[in-house]
Trainee: 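Structure incoming, see below.
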Amino acid sequence: MINERRLWRATPGFGVAGKLLRINWAYALLICALAGVGYTALYSVAGGSPYPYAEPQTLRFGFGFLMMIALAMTPLRVLSKLAWPAYAVSIVLLVLVLRMGHVGKGAERWLIIGGTQVQPSEFAKIALALALAAYFQHISWERMRNPLWLVPPALLTLLPVALVLKEPNLGTAVIIGAVGATIFLGAGMRWWMIALLAAPVPMLLRIAYAHLHDYQRQRITTFLHPESDPRGAGYNIIQSKIALGSGGMWGQGYLHGTQGQLNFLPEKQTDFIFTTIAEEWGLVGGLTVMGLLLALVLGGMTMAILARSPFGRLLALGISMNFFLYCLVNLSMVMGAIPVGGVPLPLVSWGGSAMLMVMLGFGLLMSVFVHRHDEMLPKKHRD
Amino acid sequence: MVGRLFDRAPMDARELRSKGRAVFTRRAVLLMMVQTGALGALGARLYRLQVEQGQHFSDLAEANRVSTRMLAPPRGLITDRFGEVLAGNRINWRALLLPEETTDLAATLDRFSLLIPLEPHERARIERDAAHKRKFIPVMLREFLSWEEMAKIEVNAPDLPGIVVDVGTTRLYPHGPTFAHVIGYVGPPNDRELADDPILALPGARVGRSAYEAAEDDALRGHPGTVQVEVNAVGRMLRELDREEGTPGATMATTIDAGLQTALMDQLEGTAASTVVMDVRNGEVLAMVSHPSFEPSLFDSGVSQTQWKAWMDDPQTPLLNKAAAGVYPPGSTFKPAVAMAALQAGTLKPGDRIDCRGYIDIGNVRFHCWAKHGHGSLDLHGGIKFSCDVFFFEVARRTGMDVIARYGGDLGLGVRPDIELTHVREGVIPTAAWAHRRGHHLSEGDIVNAGIGQGFVQATPLQLALYTARLASGRQLDAHLTRAQNGQPDPRAAHDSAPPLAFDPAWLDSVRSGMWAVINERYGTAPKARLPLPGVTMAGKTGSAQVRRVSRWAREHGHFNSAELPWQYRPHALFICYAPYEAPRYALSVVIEHGNAGADVAAPLARDIMMQVLERDPGNRSQAWKPQPDPALVVASAQSAPSGVGGPSGTPAAPQPQTESDTEFSSIFEGNGLGSGAAVDNGAEGPDQ
């Protein structure tokens, strides 16, 4: 039988240095690798120049990385206590942005706080994961049988979803809802309840479609028939597909992607950055980036499984799912598989607010990993 | 607690925790499979898009693409005041290269030069343009294609991907050299202009390079349209998707009378001279002639080395618009301005008399009058009439250059005329400050010399005409060239709307009467300028501007005869005048380079020009003047016409309907009042200085 105490002794202690050693550096290296891909692509998008995108983006990443390390060393107990204030702040920000936010391109509302743009909906996803994890850590498998215990977390989820829908930002609202639903699933919601809830979804979708904004509906129609309007709304999808297609197996070569370099691609430094990569590096480059993304997602999920505390694993699950949904929505959009949604590719696309939020998520994930042996038992239950 | 009610088989806390963790792990693994599957499906889609359908999409990228092309707007027309086109456009077939449709530029150009040989420098220019211009902007291969050349290109179209034959326009100047200095010419844009306005990168785009074409370039240029076309792999247009027409450049009607300008051009034949004719009532420039001239369209198609050298070496400076950019010492034509300044400043009273003994000593330098033995005692009237130098030496000395420059500026001298031309010179009235800026000291000698328009004083023929028009009207006229833009009349076209000059009308009258005396009184300096018309008189002033000092020896020994000097050392001959004196309508200036004395050469020419102007009377017409076909018929109609103009009071007619004014002036010609030579006394003529 393994002496657990001896095993503990063999591992680093819980001082600052010890925690630094416990950080999953392989995972951190993966994060850096993806940020490197982002730098390379932004350098190319700017026509072979570190400005205006690549260099500032690297600075932000560096800042985000330090923040991630700091968060990684924060005990889960502290994070759990911060969960409710964070949730409250996110709701206040969502209300504020509705009242006095700036609107860009039909959606993506942001606030300007201290000179920087803040997108409250990005923060809301992480705050929701924290809050739900903090709630469900007290709900045992037994209690999950009773639907009444699910009512408060359902309200916790629907509140930000409703506020973001009101912005209106359908894509992010769906991602927030999906992150919440995943945590419900991980917390042990019974399958029959899930089936019962899923049954009326098609009908709800129809109602939702009726309430969509014109530009959102337009996105759906042009997605279904992009060729109907080659110069208008279908332009992005067609040009994106053309760029991907002209990349081929091995790509057109770095800095030689004709479509991207000739400005045929819209928003090539933000939402459509993957197109530039796939055009210049071909299928090989595209699959490599997707492999990196998948490794980060699966790594996060593994960290969730490894965590002993319910709070830690649910938080890690929510964060990983959030990252996964980001990648999924962006890649599907770029490949013309779902309507265009204004969702950036995490770590790669240009944009400061999204970068900070992604790194904040990774920081929480790292903290779960560093403190994965902490069961977070109530004091009276401790051995 | 509520949950307990439903518990069937209670577990202890540790069991529940491990059950929860086990369920979580199961579900997390399930989710991981779903995530892997989703990203895998996207990977498969990427494979399909990039490899399986890759060829299809990359063909789309190359072949079937929407291309936006700009449509160059036609450049606006420039017409004369009666609608005669002075600058138009003509069709120009040209071969264009669309760089975005060409896969191999070198090979395409090789094949093209088999059909139409390209010079090495042309080829270098094409390759440079293709490399620098934006991809959707076509590059000009060759302009002015013949029908055979067009056919060759079209027949070989499949071998020439990206090359198209296109119709454009090129600038046409139907009157050639006659208007080259006023209207100017166009040329291809330079790099700086290209950076400012991308539409200039379009093939065949032209920019106004000089004179009116350059000054009104913005209005003439218009705004480009765009056309969106779907093109195939070799750049052939498949269909037009959308078209947005541009705005053509504005049609600019100038104040010029094309017929008058042409006639004056003929009159200046054989000289290096210029003349400017203005409407005294509104400042419109009716003619601006600078002789010799050049062919303006050469600048568009390219000037040959020999042609350029010939222009540059010609002492008669054909490229220079002498009327607005040629500066000359105004000589005695400056004297009325000096008189105006002195009267206005009070340094000369109307009754003041100055004694001319033939010279004046300033310091230890002796300044001579052109009349060797002097004019005796003269008042202002006599000073102008005899063009007495000593009189104006003294007046200038009393008045000072600051005052002369100030009032001269009011008359339009020494300040740049605000006219729609380029390279307009401002001339000089030297003041102490002006001389100081140039590192000179203005001596008293310089001042008295300036009093007779010599030395540092400089003016352009345009300024002289403007100054004459201002003297004649007493109004602050502005010389201008635009009569209407797109049919919208220019506000300056209104008669007598300019504000009055700040001169006492009495002083204006005394200067005008001096100028009248120059031509019409016995012993005036310019009897040759007398109009051969009954009752219509002209006021004017002669001028001769030395280009070289007259040596004292030559003067004292009577060996000074400028007509014997080599051409380039002879003095310039100048004349300014306006008519009719009684109700001024037209003012003009004539400058004949190295033409010797103003009185002998410039005055008769000015008279002939004024006759042309009065005959055509462009300021009162709505249609161009046509020569009368049958004089006999005119005489017949003249006898029945009222002769308001021809009366002894000399009151010219108020503006009248066109048909009547035709006969009216015809009647003046037919009437035989004052013969041209009757009252002319050549005895008083001497070398006017």
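Sequence lines set the chain letters: A, B, ... in the order given, protein chains first and strands last, and positions in each chain run from 1.
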Trainee: Any idea which heavy atoms bring B/Ala38 and A/Phe324 closest together, and the distance?
Mentor: CB-CZ, 3.8 Å
Trainee: Which atoms of B/Arg27 are under 4.5 Å from chain A, going by heavy atoms: the side chain, the backbone, both sets, or neither?
Mentor: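 Side chain only.
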Trainee: Please classify the contact of A/Ala278 with chain B as side chain, backbone, both or neither, using a heavy-atom distance under 4.5 Å.
Mentor: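 For A/Ala278, backbone and side chain are both near chain B.
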Trainee: Let me see the working for B/Arg21 and A/Arg313 under side-chain contact (heavy atoms from CB on, under 4.5 Å), right down to the final yes or no.
Mentor: CA-CA 9 Å; B/Arg21 193 172 176 198; A/Arg313 64 179 178 238; 3.2 Å; yes
Trainee: OG1 of B/Thr36 to CG of A/Leu294: how many Å apart, nearest 0.5 Å?
Mentor: 5.0 Å
Trainee: Step by step, work out the side-chain contact (heavy atoms from CB on, under 4.5 Å) result for A/Leu287 and B/Tyr47.
Mentor: CA-CA 9 Å; A/Leu287 287 184; B/Tyr47 173 78; 5.8 Å; no
Trainee: What I'd like to find out is whether the side chain of B/Phe24 reaches to under 4.5 Å of the side chain of A/Leu317, using heavy atoms alone.
Mentor: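 Sidechains of A/Leu317 and B/Phe24: in contact.
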Trainee: Heavy atoms only: give me the nearest B/Val23-A/Gly188 pair and the separation to one decimal.
Mentor: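 The answer is CG1-CA, 4.3 Å.
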Trainee: If you count heavy-atom pairs under 4.5 Å with chain A, which of B/Lys19, B/Met32, B/Arg26, B/Gln35 comes out on top?
Mentor: B/Gln35
Trainee: Once rounded to the nearest 0.5 Å, what's the spacing between atom SG of A/Cys327 and atom CG of B/Leu39?
Mentor: 7.0 Å
Trainee: Top residue by heavy-atom pair count (under 4.5 Å) with chain B, among A/Gly248, A/Ala304, A/Ser140?
Mentor: A/Gly248
Trainee: Mind checking the CG-CE spacing from B/Leu49 to A/Met335? Nearest 0.5 Å is all I need.
Mentor: 7.5 Å
Trainee: Between A/Ile139, A/Leu185, A/Leu331, A/Leu325, which has the largest tally of heavy atom pairs under 4.5 Å with chain B?
Mentor: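 Among A/Ile139, A/Leu185, A/Leu331, A/Leu325, the one with the most close pairs to chain B is A/Leu185.
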Trainee: Given heavy-atom pairs under 4.5 angstrom as the criterion, report whether the side chain, backbone, both or neither of A/Trp191 touches chain B.
Mentor: both
Trainee: Within a 6.0 Å radius of atom NE2 on A/His138, are there more than 12 heavy atoms belonging to other residues, nucleotides or ligands?
Mentor: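 Yes, the 6.0 Å shell around NE2 holds more than 12 heavy atoms from other groups.
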Trainee: Quick check for you: to the nearest 0.5 Å, what is the distance between B/Leu16 atom CG and A/Arg143 atom CZ?
Mentor: 9.5 Å
Trainee: Just how far is it from atom CZ of A/Phe274 to atom CG of B/Leu46, taken to the nearest 0.5 Å?
Mentor: 5.0 Å
Trainee: With the threshold set at 4.0 Å, does a side-chain nitrogen-carboxylate oxygen contact exist between B/Arg17 and A/Glu375?
Mentor: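 Yes, charged N to carboxylate O under 4.0 Å.
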Trainee: Going from CG on A/Leu244 to CZ on B/Arg48, what distance comes out if it is rounded to the nearest 0.5 angstrom?
Mentor: 12.5 Å
Trainee: Could you tell me which of A/Leu283, A/Leu298, A/Leu328 has the largest number of non-hydrogen atom pairs under 4.5 Å with chain B?
Mentor: A/Leu283
